A.B. asks: 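Okay, here's the structure, questions in a sec.
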Number of protein chains: 2
Amino acid sequence: MAISFAEENYLKIIYRLSESTSDDISTNAIAELTQNKAASVTDMLRKMSDKGWVNYQKYQGVRLSETGEKIALDIVRKHRLWEVFLVNKMGFNWDEVHEIAEQLEHIESEVLVDKLDAFLDYPRTDPHGDPIPNKKGELPQLGYIPLANMPIGKAGKLVGVAQDSAVFLQLLTKLNLKLGANLEITEINAFDLSVSLRIDGNPPVLISHEVAKNVLIKR
Amino acid sequence: MAISFAEENYLKIIYRLSESTSDDISTNAIAELTQNKAASVTDMLRKMSDKGWVNYQKYQGVRLSETGEKIALDIVRKHRLWEVFLVNKMGFNWDEVHEIAEQLEHIESEVLVDKLDAFLDYPRTDPHGDPIPNKKGELPQLGYIPLANMPIGKAGKLVGVAQDSAVFLQLLTKLNLKLGANLEITEINAFDLSVSLRIDGNPPVLISHEVAKNVLIKR
DNA sequence: ATTAATTTTTAGTCTAGCCTAAAAATTTTA
DNA sequence: TAAAATTTTTAGGCTAGACTAAAAATTAAT
Ligand SMILES: [Mn+2]
Ligand SMILES: [Mn+2]
Ligand SMILES: [Mn+2]
Ligand SMILES: [Mn+2]
């Protein structure tokens with residue numbers, strides 16, 4: 001049996017949750033991202049465990065197996081390559097591509113993915129600065145850090161975002177924060193951790209800590 | 001509720017069957033193309049009839065309603081545009097694209113289809129010479145006729161195929177029959193209706209009636 | 001015009017993937 | 001450390017879309 005869209009989506013979401021923690025992933029966390037109820041998640045975890053894609057013990061949370069991670073990385077690769085296609089070739093904005101890529105990531109053809117990769121000139125990152133796994137599932141090491149962690153007075157380049165919700169991306173665009181911009185923190189306000197930020201040498205503007213946490217820079 | 005892949009496939013297949021007849025389409029004919037059993041088709045026809053996409057009376061066969069035909073034409077449009085993309089931009093051969101387009105045709109984004117259409121320079125036909133419906137569902141009138149119907153001695157240009165199975169397309173390639181080739185029938189053998197054919201001025205070669213029926217030319 | 005063959009529909013089942021409500025386990029709080 | 005709150009699982013149910021086997025309708029052949 002071939003893998004289903006539902007299974008692919010679960011694996012991808014477990015992968016995403018695993019990126020930001022070394023703990024086992026909870027049923028509830030998965031339920032929130034898949035937009036399903038916890039009971040449905042439990043069901044699916046049992047099935048995927050039987051298939052050997054995850055290591056799951058009830059009440060103990062779940063982790064991807066090696067096979068599961070490979071599958072997840074392949075879907076992530078497709079998702080991000082298609083996003084590059086949509087932005088670079090089809091002229092979409094970076095806040096418009098997520099839903100379409102969510103569908104395109106399930107297209108099944110290894111040859112197509114390779115040809116697409118070549119057509120796009122083997123991009124290392126997607127339009128949000130996220131790294132694109134190669135054919136073998138290896139991620140390029142990018143060394144990106146959240147803007148919120150950059151010391152005052154040092155300059156860095158905006159190279160990615162830690163989130164790709166449309167509202168967030170649209171806010172960045174409004175603030176003139178786009179990929180490649182030169183950033184320097186001039187001040188951090190102790191009260192709310194908001195940040196005074198110089199963008200491309202212009203007079204500083206104020207952004208929230210929430211934004212600063214989700215903007216990725218390279219020094 | 002959004003339309004499902006299964007429903008889209010049924011509509012597209014009923015459309016395809018309707019192209020070559022004005023009769024109502026039989027349950028069995030649909031079953032053969034969808035690769036399902038007749039009982040499953042009956043089930044689906046009832047459901048699609050309730051949704052107003054087909055006119056169906058049991059034992060009497062089925063026809064697309066106006067809405068149903070619009071949906072079908074939209075899927076055909078997407079299928080054929082994606083085929084052009086795969087051949088012209090991704091470098092696939094014309095016998096390799098059908099299965100992938102079968103998946104891509106279900107991607108839901110009107111904007112994407114329009115952008116793709118523009119990206120491909122508004123093609124009028126797909127890699128098999130089949131007409132691509134426009135946004136409104138109108139098909140360009142191409143005036144293609146089967147090679148088998150061309151009179152002896154007259155010349156025509158190969159502009160399409162009436163079938164796109166991989167074996168057939170590969171045979172054409174082997175026979176050096178590709179889109180754009182200049183064709184002239186020099187002889188038709190009464191015994192088996194096989195055809196002596198001059199391709200681009202070369203010495204005549206023999207092709208079967210079966211092939212001649214499925215090659216489309218414009219005079 | 002019957003009978004036989006074929007086609008289509010009905011009836012009953014199955015699986016995937018979801019749901020709600022209730023029970024059980026775990027974690028937090030007092 | 002016992003009670004309360006939260007999380008997770010179980011139990012039972014639902015729909016979409018398939019299936020098989022049997023019945024009914026239509027079509028073809030005597
Ligand atoms: Mn998806
Ligand atoms: Mn992305
Ligand atoms: Mn399809
Ligand atoms: Mn085609």
Side-chain angles (χ1 to χ4, degrees), chain A residues 1-14 17-18 20-64 68 71-72 75 102-103 105-106 108, chain B residues 1-14 17-18 20-64 68 71-72 75 102-103 105-106 108:
Chain A
M1 258 303 100
I3 189 168
S4 71
F5 283 24
E7 291 167 330
E8 291 191 344
N9 286 331
Y10 272 98
L11 288 175
K12 199 186 59 172
I13 276 165
I14 298 171
L17 289 166
S18 308
S20 46
T21 176
S22 58
D23 290 356
D24 289 20
I25 306 305
S26 76
T27 302
N28 260 357
I30 298 167
E32 192 166 351
L33 290 196
T34 57
Q35 311 250 58
N36 291 324
K37 300 296 169 180
S40 311
V41 174
T42 300
D43 238 41
M44 185 58 103
L45 291 182
R46 211 180 25 70
K47 286 179 196 167
M48 295 200 303
S49 179
D50 292 347
K51 297 191 179 188
W53 297 337
V54 296
N55 297 112
Y56 166 66
Q57 314 241 106
K58 57 170 150 170
Y59 294 104
Q60 306 305 300
V62 76
R63 255 171 223 280
L64 290 178
I71 300 172
I75 301 158
E102 202 59 44
Q103 300 176 58
E105 71 191 358
H106 304 291
E108 211 172 297
Chain B
M1 257 304 99
I3 189 168
S4 71
F5 282 26
E7 290 167 331
E8 291 191 343
N9 285 332
Y10 272 98
L11 288 176
K12 197 186 60 174
I13 276 163
I14 298 170
L17 289 166
S18 307
S20 46
T21 176
S22 57
D23 290 355
D24 289 17
I25 307 305
S26 76
T27 302
N28 259 359
I30 298 168
E32 192 167 351
L33 290 196
T34 56
Q35 311 249 58
N36 291 323
K37 300 296 171 179
S40 312
V41 174
T42 300
D43 239 41
M44 185 57 105
L45 291 183
R46 210 181 24 69
K47 286 178 197 168
M48 295 201 303
S49 179
D50 291 346
K51 297 191 181 189
W53 297 338
V54 297
N55 297 113
Y56 167 65
Q57 314 240 106
K58 56 172 151 171
Y59 294 107
Q60 305 306 300
V62 76
R63 255 171 223 279
L64 290 178
I71 300 172
I75 302 159
E102 203 58 45
Q103 301 176 58
E105 71 191 358
H106 303 291
E108 210 173 298

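Being a predicted model, the structure only gives us computed values, none of them experimental. By convention in this document, chain letters (A, B, ...) are assigned in the order of the sequence lines, proteins followed by strands, and residues within each chain are numbered from 1.
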A.B. asks: May I have the step-by-step check of side chain to side chain contact (heavy atoms under 4.5 Å, CB included) for B/Lys58 and B/Leu45, ending in yes or no?
C.D. replies: CA-CA 9 Å; B/Lys58 56 172 151 171; B/Leu45 291 183; over 6 Å; no
A.B. asks: Without decimals, in angstroms, what is the distance between A/Lys37 NZ and D/dT7 P?
C.D. replies: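 Value for this atom pair: 14 Å.
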A.B. asks: Which nucleotide wins on minimum distance to the side chain of A/Ala38, given the candidates D/dT9, D/dC19, C/dG17?
C.D. replies: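 Of the candidates, D/dT9 comes closest.
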A.B. asks: Of the candidate nucleotides C/dT20, D/dC19, C/dA16, which contains the atom at the shortest distance from the side chain of A/Lys47?
C.D. replies: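 Of C/dT20, D/dC19, C/dA16, C/dA16 is nearest to the side chain of A/Lys47.
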A.B. asks: Under 4.0 Å: is that the gap between some side-chain N or O of A/Ser40 and OP1 or OP2 of C/dC19?
C.D. replies: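 Answer is yes, contact under 4.0 Å.
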A.B. asks: Grab the CD-P distance between A/Glu8 and C/dA16 for me, whole Å please.
C.D. replies: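 It works out to 16 Å between those atoms.
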A.B. asks: For a side chain to side chain contact (heavy atoms under 4.5 Å, CB included) check, start with the C-alpha distance between A/Lys12 and A/Glu102, then their side-chain angles and the critical distance, and finish with the verdict.
C.D. replies: CA-CA 11 Å; A/Lys12 199 186 59 172; A/Glu102 202 59 44; 2.6 Å; yes
A.B. asks: State which of C/dC19, D/dC19, D/dG17 makes the closest approach to the side chain of B/Ala6.
C.D. replies: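 Side chain of B/Ala6 sits closest to D/dG17.
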A.B. asks: Could you give the CZ-to-C1' distance, from B/Arg46 to C/dT10, as a whole number of Å?
C.D. replies: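 Going from B/Arg46 (CZ) to C/dT10 (C1'), I get 10 Å.
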A.B. asks: Please tell me if B/Asn36 has a side-chain N or O lying less than 4.0 Å from either OP1 or OP2 of D/dG17.
C.D. replies: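 No.
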A.B. asks: Please determine which of A/Gln60, A/Arg63, A/Gln57 meets the side chain to side chain donor-acceptor pair (under 3.5 Å) test together with A/Asp24.
C.D. replies: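 The side chain to side chain donor-acceptor pair (under 3.5 Å) with A/Asp24 is passed solely by A/Arg63 among A/Gln60, A/Arg63, A/Gln57.
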A.B. asks: I'd like to know if the side chain of B/Gln103 and the backbone of A/Glu108 have a donor-acceptor N/O pair within less than 3.5 Å.
C.D. replies: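 Judged by distance alone, yes, a pair lies under 3.5 Å.
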A.B. asks: Under 4.0 Å, counting only non-hydrogen atoms across every strand here, what does A/Phe5 touch: a base, just sugar-phosphate, or nothing?
C.D. replies: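 The answer is nothing, as A/Phe5 stays clear of every strand by at least 4.0 Å.
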A.B. asks: Take the protein atom CG of A/Asn9 and the nucleotide atom C1' of C/dA16, then report the distance between them rounded to whole Å.
C.D. replies: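 Computing the A/Asn9:CG to C/dA16:C1' distance gives 14 Å.
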A.B. asks: A/Thr42 has a side chain; which of D/dA18, C/dC18, D/dT10 sits nearest to it?
C.D. replies: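 So the side chain of A/Thr42 is nearest to D/dT10.
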A.B. asks: Rounded to whole angstrom units, what separation is found between the CD1 atom of A/Ile3 and the P atom of C/dA16?
C.D. replies: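 Rounding to the nearest Å, CD1 of A/Ile3 and P of C/dA16 are 14 Å apart.
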A.B. asks: Examine C/dT26: is either OP1 or OP2 under 4.0 Å from a nitrogen or oxygen in the side chain of A/Lys58? Give yes or no.
C.D. replies: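 Answer no for this pair, as no side-chain N or O of A/Lys58 is under 4.0 Å from OP1 or OP2.
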A.B. asks: Does A/Tyr10 make a side-chain N or O approach to OP1 or OP2 of C/dC18 shorter than 4.0 Å?
C.D. replies: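 So the side-chain polar atoms of A/Tyr10 do come within 4.0 Å of the phosphate oxygens OP1 or OP2 of C/dC18, strictly under.
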A.B. asks: Considering only C/dT9, D/dT8, D/dT20, which nucleotide approaches the side chain of A/Tyr59 most closely?
C.D. replies: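 Looking only at side-chain atoms, A/Tyr59 lies closest to D/dT8.
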A.B. asks: Please state how far atom CG in B/Asp43 lies from atom C1' in C/dT9, giving the value in whole angstrom units.
C.D. replies: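 It works out to 10 Å between those atoms.
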A.B. asks: Of A/Lys51 and A/Gln60, whose nearest nucleotide on DNA chain C comes first from the 5' end?
C.D. replies: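 Looking at DNA chain C, the more 5' nearest nucleotide goes with A/Lys51.
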A.B. asks: Check the pair A/Val54 / A/Ile25 against side chain to side chain contact (heavy atoms under 4.5 Å, CB included), numbers first and verdict last.
C.D. replies: CA-CA 11 Å; A/Val54 296; A/Ile25 306 305; over 6 Å; no
A.B. asks: May I ask you to say what A/Thr27 touches in the nucleic acid, namely base, sugar-phosphate or nothing, with a heavy-atom cut-off under 4.0 Å?
C.D. replies: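 The residue A/Thr27 makes sugar-phosphate contact but no base contact.
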A.B. asks: What integer distance in Å separates B/Leu11:CG from D/dG17:P?
C.D. replies: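 Rounding to the nearest Å, CG of B/Leu11 and P of D/dG17 are 12 Å apart.
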A.B. asks: Please state how far atom CG in B/Asn28 lies from atom P in D/dT26, giving the value in whole angstrom units.
C.D. replies: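 Going from B/Asn28 (CG) to D/dT26 (P), I get 16 Å.
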